[in-house]
**Student:** 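One structure, as structure tokens, below. Some questions next.
Sequence lines set the chain letters: A, B, ... in the order given, protein chains first and strands last, and positions in each chain run from 1.
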Amino acid sequence: MGHVRNYTMGDVVARYKAAQGFSVLHPMGWDAFGMPAENAAMEQGGHPKDWTYGNIAVMRDQMKPLGLSIDWSREFATCDPEYYGQQQAMFIDMLDAGLVYRKNAVVNWDPVDQTVLANEQVIDGKGWRSGAEVERRELTQWFFRISAYSEELLEALDGLKNWPEKVRLMQRNWIGQSRGLQFAFSTIDAPEGFDRIEVYTTRPDTLLGASFVAVSPDHPLAKQLERHDPEVAGFVDACRKIGTTEEALEKAEKRGFDTGIRVRHPFDNEWELPVYIANFILMDYGTGAIFGCPAHDQRDLDFARKYGLPHPDVFVALDDASPVTDTAFVPPKTERVHYIRGFAGEEVQTGAEAVEAAIAFCESQGVGHGVTQYRLRDWGLSRQRYWGCPIPVVHCETCGVVPEAKANLPIRLPDDVSFDQPGNPLDRHPTWTRCACPKCGAPARRETDTMDTFVDSSWYYARFTSPRAETPTEREETDYWMNVDQYIGGIEHAILHLLYSRFFARAMVQTGHLPESAKEPFDALFTQGMVTHEIYRHNPADPNDERYVSYDVVGDIVRKPGTEAARLVEKFHLPDEVVTFNIGDERVAVLKKLVTDLGYSLDKQSDLEKAWRAAEVSNARLRIIPSAKMSKSKKNVVDPVNIIAAYGADTARWFVLSDSPPEKDVEWTSAGADATYKHLSRVWALSERIAEMEEGAPSEADTDLMRAMHTAIADVTRSIENFAFNKAIAELYAFNNTLSRSMASGAAQKIAMRVFAQLMAPMVPHLAEDIWARQGGEGLVAQAPWPKADPAMLVRDTITLPIQINGKRRSEIEVPADLAKEEVEKRALADDAVVRALDGRAPKKLIVVPGRIVNVVI
RNA sequence: GCGGGUGUGGCGGAAUGGUAGACGCGAGGGUCUCAAACACCCUUUCCGCAAGGAGUGUCGGUUCGACUCCGACCACCCGCACCA
């Protein structure tokens, strides 16, 4: 249903723009690589390819009846070799251009299944299938050098005028530009090769408030110490169990390990600071080492208090010089503060000024240098999985890592793979991995990593402009069509997908696959809300929650849990499989099958209550998890086919557009489709009635109807322009009400009905087409030019002016629209309610906003 | 934890700083009908018989006037780099 909503919105825009005379490219493709296909293969057997193309066929069949104005001749799936082969060609070009490289990076490693896990496959630090404690493991992986574009991606955000401000802000924060000082502490008693520790700080002005130095558990120093000191090894090991996500690190309890190593303060040789290994320091950011200034950073303060370290104040508020105790003093950098341990700049200055002064001072003293850092990390694209685009390189013993010859592309995924054992089937494939080195011809081994699916979705828009080309793109076509004028996607893509696409477009420009003008691929962005639904979870593995235990469900079979099933941590059920009802005040959910197996009806509350009394039903109760984004993995998805089959495409389209604003989430409930269907039936009945009317004689009612019609044109047009489809529909309802009650002549009503059909055509194209034909419209409504509102018809002669007394609406007066302000004041003061409230006194103030409102202040 | 957002009747929601609740759903009442369905008409934020009063998550502020702007808080949602 999420897709139905998304595509219907896009279709409204496509049809509306086409009616305005634009040539519209409205394509369809399938982002088809990824884990779900492999999971299905593992769970149900079969091949990811068959599962994927099968699902595409089903979805295409679901979408076709919706009447979307899609150019199906351009359709493709990202798992088509014709698509991913071109992606491989671009990868090679980007490798040549220095935009791709290899380095070590950590992954989640499941020691039992001997496989790499995605973050979502790690639940509470354990592998989702094996239940084994997940380890962090370093692998050599492929990276896109997105960080080379950090500054460019940041600065270009300002030009994206038609993007939501919140998305630009999120990307800005994600790229995370910061200005700071990088310098080295000299060490005491450190292992060889570590006589200096480089740190990066955004607050060099707090250098005299330093109380410790901390390095990441992945810092070379930590790794060196780990080798010889079992205590360090123990601590570092524990840190590595936390997980790889930033969220996990940030939420974990802040812990440190005193290495015994000391460093000298750069300004004072006698001043020594302890060096800790701390679990909250990221190796990927800055230098992987920091100095802590507890007085002005809450995290540092918590750490200092925990380990009994001092927390000297560096600056205090202008009006409050009390020292820091439990709460760090962290004012905005723009606030002026009083420096009591300053060393550069004025005694009273803003944080930002102090930072610049500190950098200048440190540079003059030869202590480090000012640097601009970015939080944005390079894009790791390696996946140790089968169902993705193979990375087109080979490993040759003599030549090293060599890109494939373009003539050998596409490097196709082998079909003869099995998923009966964990791990990457490519890795253990007997023949596929064998190949010849493209450089020296000697036997070599094919790269078995595949690409992150974000790569697939980072350039498909460009491919749509020439989907069958022998090169990734064709210049003539990209010149004509690019950029994407309107991109519609969920807010969940605000950062990763949209940032990667922006990078990829630039990389394509750099490698000659897109014109310079297309480096920002999406001119306008609309973030539509998600379609949500509650989630039904069976939880046989939770021994503490007996309400949900007792029965295990595998496919259609319901049975007592066995040892085999106990390995399944969670199992979700489709809303279609589940019935919910009330027992007392509590809402419960069980599988429909359990109820019907007992011979009870799903529609009768009394039957459901009877079924509930049976232990095998109430014991197999499902947990209801509050609404969340519809997702296959949580199975909280609704099949649109049923709606279309019962009511037709127009009802489905109208329904997903009405009520909820497009940018907001909408909770899917099946109630309401019926009401939509009734409404559309009434519209058709109205059209029939009008079609049979005599032309009649013009009357004053004709003018009223024409006014209403032009108002409707103006309102609906504006609403569609603003993506306010729910408002456009509300305005269509209002016009429907006016028209159905109008006493205007048949001739006028026929004109109004034809315009009505045009206005509703983007939303309900099929009904609109029928009405258009019935009312004698020429050709297809889909090809009729969009109606224009006559401004003269929108002007009102008299207006109703609300009268407020002390800001509260108390009365209203009817006045000519162009009445002079003085006259409005006079009439307002003569109004009964005003006279009563004034009670003979003069008003303190009288505000008249012409055409808007009158406010009498008493 | 950090970054971003949202919060309005029974429900979905509407409102360039200017009549809070458009439009729809649901509910109630009525007309039509032997009856029902359909259709049509009326009512429907809360308190109050009414006059009137209160009201947009909570508390405070700016303003003649605040759902809208500012500050603090609460709740929920999205993202956090291997879900896509």
**Student:** Would you kindly check whether a donor in the side chain of A/Glu120 faces an acceptor in the base of B/rC82, or vice versa, at under 3.5 angstrom?
**Tutor:** no

**Student:** Between A/Arg299 and A/Asp302, does any side-chain N to carboxylate O distance fall below 4.0 Å?
**Tutor:**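 Here A/Arg299 does not pair with A/Asp302 in a salt bridge, since their nearest N and O are not under 4.0 Å apart.
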
**Student:** Locate the shortest heavy-atom distance separating A/Leu160 from A/Phe522; write the atom from each residue and the value.
**Tutor:**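 The answer is CD2-O, 4.2 Å.
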
**Student:** Which parts of nucleotides 10-21 of chain B does protein reach within less than 4.0 Å, heavy atoms only, written one letter per nucleotide 5' to 3' as B for base, S for sugar-phosphate only and - for none?
**Tutor:** --BSSSB-BBS-

**Student:** Name all residues meeting the ring pair (Phe, Tyr, Trp, His ring centres under 6.0 Å) criterion together with A/Tyr101; count only those two or more places apart in sequence or in a different chain, and write none if there are none.
**Tutor:**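 Residues passing ring pair (Phe, Tyr, Trp, His ring centres under 6.0 Å) with A/Tyr101: A/Phe143.
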
**Student:** Between B/rC40 atom C1' and A/Asn736 atom CG, what is the distance in whole Å?
**Tutor:**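 Spelled out: CG on A/Asn736 to C1' on B/rC40 is 13 Å.
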
**Student:** Just checking A/Gly380: base, sugar-phosphate only, or nothing, at a heavy-atom cut-off of under 4.0 Å?
**Tutor:** sugar-phosphate

**Student:** Could you check whether A/Trp379 gets within reach of a base, just the sugar-phosphate, or nothing at all, counting any heavy atom under 4.0 Å?
**Tutor:**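 No contact.
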
**Student:** Once you apply a heavy-atom cut-off of 4.0 Å, does A/Gln384 come out as touching a base, just sugar-phosphate, or nothing?
**Tutor:** base

**Student:** Below 6.0 angstrom between ring centroids: does that apply to A/Phe655 and A/Tyr647?
**Tutor:**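 For A/Phe655 and A/Tyr647, the ring centres are not under 6.0 Å apart.
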
**Student:** If B/rG3 has a Watson-Crick or G-U wobble mate with both distances under 3.5 Å, name it; if not, just say none.
**Tutor:** B/rC78

**Student:** Please step through side chain to side chain contact (heavy atoms under 4.5 Å, CB included) for the pair A/Tyr7 and A/Met28, ending with a clear verdict.
**Tutor:** CA-CA 9 Å; A/Tyr7 296 134; A/Met28 173 57 65; 3.7 Å; yes

**Student:** Check if the side chain of A/Gln141 and the base of B/rC82 share a donor-acceptor pair of N or O atoms closer than 3.5 Å.
**Tutor:** yes

**Student:** Would a line drawn from the ring center of A/Phe504 to the ring center of A/Phe454 be shorter than 6.0 Å?
**Tutor:**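 No, too far apart.
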
**Student:** Take the protein atom CE of A/Met35 and the nucleotide atom P of B/rC82, then report the distance between them rounded to whole Å.
**Tutor:** 11 Å

**Student:** Within 90° of 0 counts as syn, otherwise anti: where does B/rG9 fall?
**Tutor:**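 Classified syn.
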
**Student:** Which is true for A/Leu376 with a 4.0 Å heavy-atom rule: it touches a base, it touches only sugar-phosphate, or it touches nothing?
**Tutor:**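 Answer is base: heavy atoms of A/Leu376 come under 4.0 Å of a base.
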
**Student:** Take A/Met170 and A/Tyr500, find for each the nucleotide of RNA chain B with the closest heavy atom, and name the residue whose nucleotide sits nearer the 5' end.
**Tutor:**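 Nearest nucleotide further toward 5': that of A/Met170.
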
**Student:** My understanding is that a pair needs two contacts under 3.5 Å, Watson-Crick or G-U wobble. By that rule, which nucleotide pairs with B/rU31?
**Tutor:** B/rA39

**Student:** Please report, rounded to the nearest Å, how far the C1' atom of B/rG24 is from the CZ atom of A/Phe735.
**Tutor:** 18 Å

**Student:** Provide the distance between the two P atoms, one in B/rC59 and one in B/rA54, to the nearest whole Å.
**Tutor:** 15 Å

**Student:** Is the closest basic N to carboxylate O distance between A/Lys727 and A/Glu731 below 4.0 Å?
**Tutor:** no

**Student:** Rounding to the closest angstrom, what is the interatomic distance between B/rG4 and B/rU58 at atom C1'?
**Tutor:** 22 Å

**Student:** Please determine, for B/rA15, whether a Watson-Crick or G-U wobble partner exists with both distances under 3.5 Å, and give it or none.
**Tutor:**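 Check on B/rA15: unpaired, no WC or wobble geometry under 3.5 Å.
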
**Student:** Could you please name the option among B/rC64, B/rG4, B/rC83 that lies closest to any side-chain atom of A/Asn173?
**Tutor:**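 Nucleotide nearest to A/Asn173's side chain: B/rG4.
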
**Student:** Looking at A/Arg240 and A/Asp218, does any basic side-chain N land under 4.0 Å from a carboxylate oxygen?
**Tutor:**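 Yes.
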
**Student:** B/rG55 pairs with which nucleotide, Watson-Crick or G-U wobble, both distances below 3.5 Å?
**Tutor:**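 B/rG55 is unpaired by these criteria.
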
**Student:** Between B/rA20 and B/rG9, how far apart are the C1' atoms? Round to whole Å, please.
**Tutor:**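 Approximately 11 Å lies between the C1' atom of B/rG9 and that of B/rA20.
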
**Student:** Counting the atoms with a prime plus P, OP1 and OP2 as sugar-phosphate, which does A/Ala675 contact under 4.0 Å by heavy atoms, base, sugar-phosphate, or nothing?
**Tutor:**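 Touches sugar-phosphate only.
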
**Student:** Now, which nucleotide makes the Watson-Crick or G-U wobble pair with B/rA66, with each of the two distances under 3.5 Å?
**Tutor:** none

**Student:** With sugar-phosphate meaning primed atoms plus P, OP1 and OP2, does A/Arg385 contact a base, only sugar-phosphate, or nothing at under 4.0 Å between heavy atoms?
**Tutor:** base

**Student:** When we call it a touch if two heavy atoms are under 4.0 Å apart, what does A/His493 touch: a base, just sugar-phosphate, or nothing?
**Tutor:**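 Here A/His493 touches the bases of the nucleic acid.
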
**Student:** Taking a pair as Watson-Crick or G-U wobble with both distances under 3.5 Å, which nucleotide is matched to B/rC49?
**Tutor:**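 Pair assignment: B/rC49 / none.
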
**Student:** Once you apply a heavy-atom cut-off of 4.0 Å, does A/Ser382 come out as touching a base, just sugar-phosphate, or nothing?
**Tutor:** base

**Student:** If you check the A/Tyr733 side chain, which of B/rA39, B/rA81, B/rC23 turns out closest?
**Tutor:** B/rC23

**Student:** Tabulate protein N/O versus nucleotide N/O from nucleotides 46-52 of chain B, keeping only pairs under 3.5 Å, one per line.
**Tutor:**
| residue | atom | partner | partner atom | Å |
| --- | --- | --- | --- | --- |
| B/rG52 | OP1 | A/Arg836 | NH1 | 3.4 |

**Student:** Now, which nucleotide makes the Watson-Crick or G-U wobble pair with B/rC83, with each of the two distances under 3.5 Å?
**Tutor:** none

**Student:** Just to be sure I understand the rule, does A/Val856 reach a base, reach only the sugar-phosphate, or reach nothing, if contact means heavy atoms closer than 4.0 Å?
**Tutor:** nothing

**Student:** Could you give the distance from CG (A/Leu846) to CG (A/Asn855), rounded to the nearest 0.5 Å?
**Tutor:**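 The distance works out to 8.5 Å.
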
**Student:** Determine the interatomic distance between C1' on B/rC25 and the same-named atom on B/rC82; round to the nearest Å.
**Tutor:**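 The same atom, C1', in both gives a distance of 43 Å.
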
**Student:** To the nearest 0.5 Å, how far apart are CH2 in A/Trp51 and CD1 in A/Ile56?
**Tutor:**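 With rounding to 0.5 Å, CH2 (A/Trp51) is 9.5 Å from CD1 (A/Ile56).
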
**Student:** Step through it carefully: locate the ring centre of A/Tyr733, locate the ring centre of A/Phe735, and say whether they are under 6.0 Å apart.
**Tutor:**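 No, ring centres 6.0 Å or more apart.
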
**Student:** Taking atom OH of A/Tyr500 as the centre, does the number of heavy atoms from other residues, nucleotides or ligands within less than 6.0 Å exceed 12?
**Tutor:** yes

**Student:** Please confirm whether any donor atom in the side chain of A/Glu246 sits under 3.5 Å from an acceptor in the base of B/rC80, or the reverse.
**Tutor:** no

**Student:** Starting at the 5' end of RNA chain B and moving along, which residue's nearest nucleotide shows up first, A/Lys845 or A/Arg375?
**Tutor:** A/Lys845

